[in-house]
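All residue numbers in this chain count up from 1 along the given sequence.
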Amino acid sequence: MGIIIWLIVGGIVGWLASLIMKTDAQQGIILNVVVGIVGAFIGGWLIGPLLGAPSINEGISIMSVVVSLIGAIILLAIVNLFRRGRVR
């Protein structure tokens, strides 16, 4: 059941992050899910301890989704930096 929640939340978080970073037209649903899952991992590992927020693994809450969204935005910013040489 955990993997299904990861895919659903990852897809939503990745889609929201791509809308915020204006890369939604460049990536499809699969890449949105990948960005969301990797962003959730980055956010849970780096940002979660700083804010004292739980990760998606510990349960879905507003803070865990926000931490995952911040991680996905950071991931997209890094990808844009390497792809274009600048962050949008």
Side-chain angles (χ1 to χ4, degrees):
M1 190 68 161
I3 191 101
I4 295 172
I5 292 174
W6 267 54
L7 291 173
I8 292 170
V9 173
I12 293 169
V13 167
W15 175 68
L16 288 173
S18 68
L19 286 177
I20 292 170
M21 294 298 292
K22 295 181 176 77
T23 60
D24 192 42
Q26 300 168 358
Q27 54 192 52
I29 191 166
I30 302 295
L31 196 56
N32 278 341
V33 171
V34 170
V35 165
I37 291 173
V38 174
F41 177 74
I42 291 171
W45 185 55
L46 292 176
I47 299 163
L50 292 174
L51 299 177
S55 68
I56 292 291
N57 290 334
E58 298 168 12
I60 297 177
S61 67
I62 299 291
M63 275 307 287
S64 65
V65 172
V66 169
V67 165
S68 299
L69 182 62
I70 293 171
I73 290 171
I74 290 171
L75 177 65
L76 285 175
I78 291 170
V79 168
N80 282 342
L81 184 66
F82 283 110
R83 186 182 297 164
R84 294 190 183 95
R86 63 183 170 88
V87 177
R88 281 211 244 184

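- Side-chain contact between L69 and I20 is present, with heavy atoms from C-beta onward closer than 4.5 Å.
- Both I70 and V38 sit in one connected hydrophobic cluster of ILVMFWY residues. Membership requires side-chain heavy atoms under 4.5 Å apart, directly or through other members.
- Cluster membership check: L76 does not share its hydrophobic cluster with F41, using side-chain heavy-atom separations under 4.5 Å among Ile, Leu, Val, Met, Phe, Trp and Tyr.
- Cluster membership check: V9 shares its hydrophobic cluster with I4, using side-chain heavy-atom separations under 4.5 Å among Ile, Leu, Val, Met, Phe, Trp and Tyr.
- A continuous path of ILVMFWY side-chain contacts below 4.5 Å connects L75 to F82, so both sit in one hydrophobic cluster.
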Pair up each side-chain donor or acceptor in residues 29-37 with any protein partner under 3.5 Å, not counting sequence neighbours, and list the distances.
unit_1: N32; atom_1: OD1; unit_2: S18; atom_2: OG; d: 3.4
unit_1: N32; atom_1: OD1; unit_2: Q27; atom_2: NE2; d: 2.6

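- Sparse packing is recorded around CD1 of I62, with 12 or fewer heavy atoms of other residues, nucleotides or ligands lying under 6.0 Å away.
- Atoms CG and CD1, from L46 and I74 in turn, are 7.0 Å apart once rounded to the nearest 0.5 Å.
- Smallest separation of non-hydrogen atoms from A72 and A17: CB-CB, 3.6 Å.
- With rounding to the nearest 0.5 Å, the separation of OG in S64 from CG in L51 is 12.0 Å.
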